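Input: a single structure, listed below in structure tokens.
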Amino acid sequence: MPSLTEAQLKMLPEMSGLLQVRYRILNMVQMLGPIGRRALADSLSLAEREVRKETDLMREQGLIVANRTGMSISEAGIQILDVLKPLVYEWSGITDLERQLQKYLRVKRMTIVDGNVDQEPSVKAMMGVEAANLLKREAKQGDIIAVTGGSTVAAVGEQLSTASKIHGATFIAARGGMGVDVKMQANTIAAEFANNTGNEYRTLYLPEHLSEAAYNAMIHEPIVKDMLDLYDRTDIVVHGVGSADEMAWRRNSTSDEVEKLREHGAIGEAFGYYFDETGKAVQRIRTVGLQLEQVKKCPTVIALAGGASKAKAILAYFTNAPEQTNFITDLSAAQEMLKIIREEI
């Protein structure tokens, strides 16, 4: 016998789509508010007319409040979101997709947020919220928390504050400097995590990619030895997963180096390792930073990556990823991964 929600969906199939739209709008107001209609429409890739219609309705229902600075969610709106989330996820198929991918990727927890980060930048903020909430639940007094670089990990730090109640932790940069965008480097992001939560941080001001001679010299420096000790004692890792081409570009690799990676079938990258579609590490960057072997020993691992364009890179990495990983992605990446998996069966 079908459940009440299943019966409702059969009688009013259009209700599922409308509910998802309203849920996404309210969820985004919670994350980005106070926010104006135009900015909200841009964040959701929806027509401003549609956003105006729905937000006017939500304001009448007391779910959002509006003033000169923009729209914000009300306490009643927050309560509605908590009630609606499992229903929206069940109707949209996200819950079932989470179960399937959790089993296939062999991870501890699988979380999928609605949307496509390749087309909707706001989806990255949604992933950041999920990761930040998980970090707040997992972090304990005295924990050493390593964070990598990249805009997706940076989105996690943006969702943290002193109200997050992460006390007595030390945030550390999982790698040295990479590329020219300082804001997206691990050092900067580790500092932001720490500053936002009122904790200490340690940085690694070294180029990520070192020559053999430089590497052998640096690992004996007292400051570097201290960081290596912290890597061995890391309790939580927050990291992204990159595509091979993207990471090679960020490392300012030469055209010959990029071509060599392609010849070896490199698809994904994490922690200085380039992986092919079977999960085999086809190249490893010589770097002073958190190593994959150390990540596998960490009690808690939080990984984030989204966008259908990264589906193959994600699958390549998770072939040998730590089973204690909590993976957060978006719906477009999840659907593309499942499509690839079914094609291979």
Side-chain angles (χ1 to χ4, degrees), residues 26-36 39-40 43 63-65 67-82 85 109 111 113 121-175 181-205 226-227 230-231 233-240 290 298-304 326-328:
L26 190 58
N27 190 40
M28 198 59 63
V29 171
Q30 181 185 31
M31 287 192 301
L32 303 181
I35 185 172
L40 181 60
S43 297
L63 303 180
I64 61 175
V65 293
N67 53 39
R68 292 180 179 179
T69 61
M71 297 176 291
S72 300
I73 193 168
S74 67
E75 187 61 38
I78 294 173
Q79 293 174 2
I80 287 291
L81 276 181
D82 290 340
K85 183 175 180 179
R109 183 185 288 107
T111 301
V113 302
S122 58
V123 175
K124 194 169 291 184
M126 295 169 62
M127 293 167 60
V129 169
E130 295 290 346
N133 289 339
L134 178 58
L135 182 59
K136 286 183 279 187
R137 292 196 300 269
E138 295 290 333
K140 303 182 298 296
Q141 180 89 16
D143 273 356
I144 297 170
I145 305 172
V147 300
T148 64
S151 59
T152 308
V153 176
V156 183
E158 292 169 0
Q159 303 300 326
L160 295 172
S161 67
T162 52
S164 302
K165 296 181 180 179
I166 299 176
H167 302 305
T170 301
F171 290 92
I172 62 174
R175 58 171 50 148
D181 190 349
V182 176
K183 291 182 180 180
M184 293 300 106
Q185 292 186 8
N187 287 320
T188 306
I189 295 173
E192 182 179 18
F193 271 63
N195 291 333
N196 288 354
T197 57
N199 285 282
E200 297 181 349
Y201 65 92
R202 297 286 299 276
T203 53
L204 182 64
Y205 285 108
D226 286 346
M227 287 297 290
L230 289 173
Y231 292 145
R233 296 189 288 116
T234 296
D235 300 288
I236 300 175
V237 180
V238 183
H239 74 93
L290 190 67
C298 291
T300 301
V301 180
I302 302 173
L304 305 93
N326 303 271
F327 182 45
I328 300 165

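As the structure is a computational prediction, the values presented were derived from the model and not from experiment.
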Are there over 12 heavy-atom neighbours, none belonging to Y201, within less than 6.0 Å of that residue's OH? no
Less than 4.5 Å apart, any side-chain heavy atom of T111 and any of N326? no
Where is the tightest heavy-atom contact between A174 and A186, given as atom of each residue plus distance? N-CB, 4.1 Å
Criterion side-chain contact (heavy atoms from CB on, under 4.5 Å) on E158 and E192, from CA distance to verdict: CA-CA 8 Å; E158 292 169 0; E192 182 179 18; 3.8 Å; yes
Look up atom CD1 in I172 and atom OG1 in T203, then write down how far apart they are to the nearest 0.5 Å. 11.0 Å
If we check side chain to side chain contact (heavy atoms under 4.5 Å, CB included) with L160, which of these qualifies: N199, N195, L135? L135
Of the non-hydrogen atoms in G33 and S72, which two are nearest, and what is the gap between them? C-OG, 4.2 Å
Mind checking whether R202 and D226 have side chains closer than 4.5 Å, heavy atoms only? yes
Flag the pair R137 / L134 as yes when at least one side-chain heavy-atom distance between them is below 4.5 Å, and no otherwise. yes
Taking all non-hydrogen atoms of both residues into account, name the closest pair between A154 and M184 and its distance. CB-CE, 4.2 Å
If we check salt bridge (charged side-chain N to carboxylate O under 4.0 Å, His left out) with E130, which of these qualifies: K85, K124, K136? K85
Is there a donor-acceptor pair closer than 3.5 Å between any side-chain N or O of S43 and the backbone N or O of A39? yes
Where the side chain of T162 meets the backbone of T197, is there a donor-acceptor pair that is under 3.5 Å apart? no
Which distance, rounded to the nearest 0.5 Å, do you find between the OG of S74 and the CG of L26? 7.5 Å
Going by side chain to side chain contact (heavy atoms under 4.5 Å, CB included), H239 matches just one of V301, T152, L290, V147. Which one? V301
Given side chains that start at C-beta, do those of N187 and L204 come closer than 4.5 Å, heavy atoms only? yes
Can you check side-chain contact (heavy atoms from CB on, under 4.5 Å) on N27 and V129, steps first, answer last? CA-CA 11 Å; N27 190 40; V129 169; over 6 Å; no
Does any N or O in the side chain of S164 come within less than 3.5 Å of the main-chain N or O of I166, such that one atom is a donor and the other an acceptor? no
Please name the pair of heavy atoms, one in Q159 and one in A132, separated by the smallest distance, quoted to 0.1 Å. CB-CB, 3.7 Å
How long is the span from the CE atom in M126 to the CD atom in Q30, to the nearest 0.5 Å? 10.5 Å
L32/L40 under side-chain contact (heavy atoms from CB on, under 4.5 Å): CA gap, chis, key distance, verdict: CA-CA 8 Å; L32 303 181; L40 181 60; 5.6 Å; no
How many angstroms lie between CG in D235 and SG in C298, if you round to the nearest 0.5 Å? 7.5 Å
Quick check for you: to the nearest 0.5 Å, what is the distance between I189 atom CD1 and T148 atom OG1? 7.0 Å
Just do the side-chain contact (heavy atoms from CB on, under 4.5 Å) check on I328 and I302 with the steps written out, would you? CA-CA 8 Å; I328 300 165; I302 302 173; 4.2 Å; yes
Taking C-beta and beyond as the side chain, do N196 and F171 meet within less than 4.5 Å on heavy atoms? no
To the nearest 0.5 Å, atom CD of E138 lies from atom OG1 of T300 at 4.5 Å
